[in-house]
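Working notes, structure below.
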Amino acid sequence: MGLIITSPLRGWATTLDDVPDPVFAQRMMGDGVAIQPLGDTVVAPFDGEVVTLHEAGHAVSLRSAEGAEVLIHIGLDTVMLKGEGFTPLVAIGDTVARGDPLIRFDLDAVALAATSLITPVIVTNAEAFAIGRRTTDAAIGACEALMTLVPVQAEARRRSDDGILVEQAVTLSLPHGIHARPAARIGEAARGFEADVHLVKGDKRGDARSTVALLALGTAFGDEIVVQARGDDAEAALAALVALLATDMGEAAAAVVAPLPATAASPLRAGQIGGVIASPGLAMGPAARLRQTEIAVAREGAGAAEERAALLAAREEVRAMIAARADGASGSVASVMQAHLALIDDPELIAAAEGRIAAGNSAGFAWRGAIHDQIDAIRATGNAHLIERIDDLIDIERQMLAVLTGTPLDGANIAAGVIVVAEDLLPSQLVALAAQKPAGICLRRGGPTSHVAILCAGMGLPSLVAMGDALDEIAEGTPLLLDAELGHVTAAPSAAGTDAFTARLAKRDARREAAQAAAKDACHSADGTRIEIFANVGSVDEARAAATQGAEGSGLVRSEFLFLDRDTAPSEDEQHAAYQGIADALAERPVIVRLLDIGGDKPAAYIPFDAEENPALGQRGIRVALARPDLLETQLRAILRIEPAGQCKIMIPMVASLDELRQVRAVVERLRGEMGIAAPVEVGVMVETPAAAMTADLLAAEADFLSIGTNDLTQYVLAMDRGNPAVAAGADAMHPAVLRMIGETCRLAAVHGRWVGVCGGLASDPAALPILIGLGVTELSAVPGFVAEAKQIVRGLSLPEAQAHAALALQCKSAAEVRALARAFEETR
Ligand code: PEP
Ligand code: MG
């Protein structure tokens, strides 16, 4: 009968191969199992005695009455937290029973601060016990069976009692003393010799081959240790161990990172700075600081005629520069350049500038004044979404002033592969920078829905924004690891941290390559479930880009692109031509046109509303269309004319009740009759309100499909304005409350056999895909640039494992915990 080791934690059990640290993955310390924790309390895995408890509180080992020694090491690199977040509940020498609490830890804080939360449970005296059965790739509760140990017939252990004892003292340079990782290295070195090697500290003596014995020495930086060796090759063993102990074993790099201030809300590890994810991804490279140079302009002009001519010439030059950037660009770059072209020719701006020139100002001073009047007017609206557009005005101001004064713009000297660190970036700066191929972007200010953020996402450039004052601490050239999946950057990382990050990057690159090779293939999960990967598009250009990336259709045509930034609504013919162009670009693949989603953060001047105190809860989406039947009917006619009939489906935004679907359906059916369209037209609803999610069964009974808009669903579930950078950091769609809403939507829609898709930002987040599939989503509509990768991620998943993973995610306590779980899931692949 073997000894049963039960799980010390609730979580997901996996093999040591999945631990991104060679000390554990290569079994240097012994064999075992790793657990991705979901619980916050480590309990005793058997009856026994506490043999070691590291003073940082992150590792504990126990010995059973039978002599089995088991080490539980919470997370990776957690020794560097110096006890922060860990509360030991026992002391060395205590006798404990199975299930007794040993250490409690702050799961959220440690998840954010550690390299990984994955917790190896290691049998450190593997020469005495073999592992029989073990649980892996499964959810596990604390005190559920994890491993069985079977005593092995101990090989008569070589003893070298004879021979001369040689010894030498050495002062420890290990910044955290001998903790688990160095103990494993020492053990490995000692096993290379025949001699018996012991380490002695004061009155304690431990076998150098035993991790537990080394941990039990309780060493610290600067301690004097005596190495003793006895046996045939004692001299060589002594020399090797002394040499090893005199080094920092690669640990010091991490320890000397200057602690940078972290915000109270983000318990980050020293050297890490948190930020809001503007574009997900990973990047590493040296910091390259970009500072905006102030452009001074003279107030007085040289005469109205001359200044007017200078203004005109500068506008022409800047227009040509923007047009050159727009040339060949597609997607978001093209649309931002389009917005800039409109600004450079904006009649109000020009008239205001000319008025100032007439009053005696220079062209530059006049242009600056005209722009700032506009900025003040926008600020006065208090609309966060509009306020983010101020960047575009400042951008046009700087481009004009640079030309008028002959000042070179910043950023020309950025090298490929760097991580740009800046106060903020203007859209044109980013587009210019992107040509120099930086690896990532870190901004002190900025919001997640600004044009710069949208551009970064469109380019697939990993970016964090709203990083705050701590970013100022980063010096030019500092090596950085930018984790725009967990939302932080690590400055001057440890060697181990860099290795783990490099491995993640390599995996990501390999997946991208495989994704491109199979971009055009249909997408099925590993066990054959059909998952459709569509793209969100807002123009014909984007539809073409999506088709090139392998999109199997469009799950969201943002029809508002036709309605914004103009003075009158587009006609039926104009709309029809635009929708038909998108349908043609996607060549008979399904195209889901969302009805006009205007209001809230997307105002249109020709659809006047009374001032609303809370526009996000006011006239938005379908509420506007139902209040303006003229707009609704014109749009529906334009969609119904698209050929071939049936290619286009209609999707209703911001639905809060079944009645809205019924009203739209009635108009669609009436128009079909009037237009003589025989083919049925599918009408689906967006799930963006908690009301729609919780009544998904009622909606699914009459809708042809449901598509979850996670951007709005998140803002309404969490009551956090998606356009307000002050709360944006918390508005993470991976919050368990949002995930539960998604799960509930899928469950309720399945009652009527309707498919559920996701067309919000979560569908473009690699960390979220396994959870979404596990919750029952069968269609994902992502940004065009992510389509091929999304397919590849889905191909690597089996439905049962995605379901188990999603079930764990629903039990998490925070978005950070979900993200840590998602990362651990990815690490196991
Ligand atoms: C959403 O809310 O998730 C969505 C897709 O719509 P939009 O971002 O356009 O509001
Ligand atoms: Mg929305």
Side-chain angles (χ1 to χ4, degrees), residues 277-280 331-332 335 383-386 388 447-451 453-454 457-458 534-539 542 546 551 553-565 591-604 615-625 649-656 660 684-693 705-724 728 731-735 737-739 741-742 745 756-765 768 772 777 779-784 786 790:
I277 300 169
S279 169
S332 42
S335 47
N383 180 323
H385 183 73
L386 285 182
E388 286 194 330
T449 56
S450 67
H451 262 156
I454 291 165
F534 287 4
N536 295 349
V537 303
S539 66
E542 271 187 351
S554 172
L556 168 61
V557 175
R558 295 181 189 273
S559 66
E560 61 275 15
F561 79 96
L562 278 170
F563 291 79
L564 294 171
D565 297 326
V591 169
I592 299 178
V593 182
R594 170 170 73 182
L595 296 180
L596 180 57
D597 184 19
I598 217 149
D601 63 351
K602 304 172 198 161
L617 304 182
Q619 288 287 79
R620 282 205 57 184
I622 194 57
R623 299 170 194 175
V624 175
K649 306 172 203 282
I650 291 165
M651 183 160 76
I652 313 175
M654 285 299 298
V655 168
E660 289 158 333
V685 294
M686 284 189 78
V687 176
E688 296 176 283
T689 63
F705 59 88
L706 290 81
S707 180
I708 303 174
T710 49
N711 308 336
D712 275 313
L713 186 62
T714 304
Q715 92 162 334
Y716 294 123
V717 168
L718 300 181
M720 288 179 180
D721 181 349
R722 61 190 273 188
N724 181 348
D732 188 338
M734 288 280 247
H735 192 294
V738 182
L739 298 181
M741 284 274 175
I742 296 172
T745 304
V756 177
V758 170
C759 61
L762 210 56
S764 302
D765 184 340
L772 295 177
V777 169
E779 180 251 28
L780 297 163
S781 196
V783 292
F786 183 61

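Counting convention: from 1, in listed order, for ligands and their atoms alike. Just the heavy atoms: all of them, side chains too, but no hydrogens, waters or symmetry mates, feed the values below.
- The Mg ion (ligand 2) sits nearest to atom OE2 when only the N, O or S atoms of E688 are considered.
- Partners of S279 according to the side chain to side chain donor-acceptor pair (under 3.5 Å) rule, which considers only residues two or more places apart in sequence or in another chain, do not exist here.
- Considering only non-hydrogen atoms, atom 6 (O) of ligand 1 lies nearest to R594 out of E560, R594, Q715.
- Note that the OG1 atom of T710 and the CE atom of M686 stand 8.5 Å from one another [nearest 0.5 Å].
- Separation of atoms NE2 (H735) and CE (M720) is listed at 7.0 Å; rounding is to 0.5 Å.
- At a 4.0 Å heavy-atom cut-off, ligand 1 does not touch N536 at all.
- Listed by atom number, the atoms of ligand 1 under 4.0 Å from L556 heavy atoms are 5 (C).
- Among the candidates I742, V777, I708, L713, the single residue satisfying the side-chain contact (heavy atoms from CB on, under 4.5 Å) test with L762 is I742.
- Near G709, meaning under 4.0 Å from one of its heavy atoms, ligand 1 places the atoms 1 (C), 2 (O), 3 (O).
- Within D712, the N, O or S atom at minimum distance from the Mg ion (ligand 2) carries the name OD2.
- Checked against L706 for a side-chain contact (heavy atoms from CB on, under 4.5 Å), the options V655, V758, V685 give a single hit: V685.
- Evaluation of the side chain to side chain contact (heavy atoms under 4.5 Å, CB included) rule for V783 yields S764, F786 as partners, not counting sequence neighbours.
- When each atom of ligand 1 is checked for a heavy atom of G760 under 4.0 Å away, the hits are 3 (O), 5 (C).
- Below 4.0 Å from some heavy atom of R558 lie the following atoms of ligand 1, by number and element: 6 (O), 7 (P), 8 (O), 9 (O).
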